[in-house]
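Chain letters run A, B, ... following the sequence lines, proteins first and then strands; every chain starts at 1.
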Amino acid sequence: MSQINPATLADARPALDSAVSVRNVSKNYGDVQALKNLSLEFPRGELTSLLGPSGCGKTTLLKIIAGLLPQSAGQIEVDGKTVTGPGPDRAFVFQDFALLPWANVLRNVAFGLELRGVAKSEREAIAEKYIREVGLAGFEKKFPHQLSGGMRQRVGLARALSVDAQVLLLDEPFSAVDEQTRRKFQEDLLALVANEKKTFIFVTHSIEEAVYVSDQIAILLPRPSRVSEIIRPTSFRGKGVDNIRRDPEYLDIVDEIWASLRSYVE
Amino acid sequence: MQNRSLFLKLLSAAIVFGAWEIAGRIPISYAFPTFLESMTALAQMTFDGTIFVAYAETLKPLVLGIAISGIVGVAMGLWIGLSARFEWLFAPIFVVMQAAPLAALIPILVMVYGIGLTSKVFVVCIMAMPVIVLNTAGAVRNTPASIKDMAKSFLASDRDVLTKIIIPAASPIIFSGLRLGVSAGFIGAILSELKITPTGVGDIISYSRSIADYPSMYAAIFSIILLAVVFLNLLELLENTLFEGNNRGYVSD
Ligand SMILES: Nc1ncnc2c1ncn2[C@@H]1O[C@H](COP(=O)(O)OP(=O)(O)OP(=O)(O)O)[C@@H](O)[C@H]1O
Ligand SMILES: [Mg+2]
């Protein structure tokens, strides 16, 4: 396990290939300063978690990376290109699913492709593939209100996967599902990171979840938010998903993160 | 399910007509005919053709007024809902229109536009348009931000956001505004025939009242209600063909 002080990040990992770079980003909502001079690198093909107390600006940062919100200062680069708005290289998974209630599962999953002008038969073939991949085969004609919360989030995930973006932005995707489903999702997410060769940026409230799924964990401080610490778990990744929660390093990191965050929780 | 809802509709119609028949037989007022008397009068008007002649006259301002209110109303509503400046400029007009006592406006309309079709169309529009505009604008403004964000993140153009997100999301409330607007338009059409010049169905109502032929008067009133119900059902059919997903979730069994 290695901990890197953000000030020395650039020197410590010069060779690391970043898919997304956040440089000195600040964001003000009126006179509320949500982010202040935040810098963070997201290595390609890895999953980085953003962990921090409620209201510290995690969603704000994710939306700025997505191009949905303008930053007040600083710069975002995806694959070396400066972000000025939403792009085909990024796809978002929303905390509240953001499904179209009037469209069935198939159309919801294909919606990203529909907006890109992909022909109907082609986009439905792609959507069906990802519907199967997230385990919703047979539900193509169902409407969102006929699905459970966990199934709705699978639709949101399939929609994000089907546009084949290099960077996936996930805003607390599992917070609205029950504990068992959540554990299954976490395992699926690990498999996805391994298979899809994509860069994942993952916001969560759960320390255990962050340590379980992440290659890199960025701990944010409360408003105005900066990165206080970056943690890269190293040893338990290769040992198989079933052993992670018993691994001493896993338990140590969970404890350590809790120790550094507890002072911000009254 | 289909059969059951049809059965319930017929049942409620039977209860209403039964109550009408009983109330007419008591009678609660010498001017209140029974259901059967009224239906006989209606059949008579249908066979001698008076009802068709009357509707040929009444439908002109009604259909014209409702068509104008529907098209212009929804368009204005979309615009007002999308632009804060436009709302500031125009929304008060429709709020005032909705609150204005129509009876007081009719003399002014007649003074300006005469007693012809134009004034009657205006009355229908004044009744029908405000609720359509205000409902549409409100629905547009209340489109959930998260699905708009979702569409933008998947590269939707402004036009995509309007046609694929805002309009479908607002459509149930737009259509409920249209339903209210159409009902109000019917009231407006009859009101204009009673207050401006007696023509069409309004003429049957006022003439039969003047000669105390109450069954005919109630037959005319009944026919206009029937027509309104048919119109509203057509509107529902239109909604269900245009926005297939809208009728989800009502039928639970
Ligand atoms: N549209 C907005 N207008 C004004 N202030 C906002 C807006 N959105 C967020 N904020 C403020 O910015 C801060 C960061 O919000 P953000 O939603 O990014 O937090 P978060 O870390 O995602 O919190 P949570 O973990 O509870 O989801 C909060 O204090 C919030 O009050
Ligand atoms: Mg959040």
Please flag which part of A/L99 lies under 4.5 Å from any non-hydrogen atom of chain B: side chain, backbone, both or neither. backbone
Using a cut-off of under 4.5 Å on heavy-atom pairs, state which of A/G85, A/G156, A/G87, A/A91 scores highest against chain B. A/G87
Mind checking whether A/W102 and B/F243 have side chains closer than 4.5 Å, heavy atoms only? no
Who wins among B/L155, B/D160, B/I165, B/I147 for the most heavy-atom pairs under 4.5 Å with chain A? B/L155
Given A/V83, A/V20, A/V163, the one that forms side chain to side chain contact (heavy atoms under 4.5 Å, CB included) with A/R90: A/V83
Does any heavy atom of chain B fall under 4.5 Å from the side chain of A/F97, the backbone, both, or neither of them? neither
Tell me if the centroids of the rings in A/F111 and B/F154 come within less than 6.0 Å of each other. no
Side chain, backbone, both or neither of B/K164 within contact of chain A (heavy atoms, under 4.5 Å): both
Part of A/F94 lying under 4.5 Å from any heavy atom of chain B: side chain
Report the residue from B/I205, B/T58, B/L62, B/V123 that forms a side chain to side chain contact (heavy atoms under 4.5 Å, CB included) with B/E193. B/T58
Decide, yes or no, whether a salt bridge links B/D149 with A/K63 under the criterion of side-chain N to carboxylate O below 4.0 Å. yes
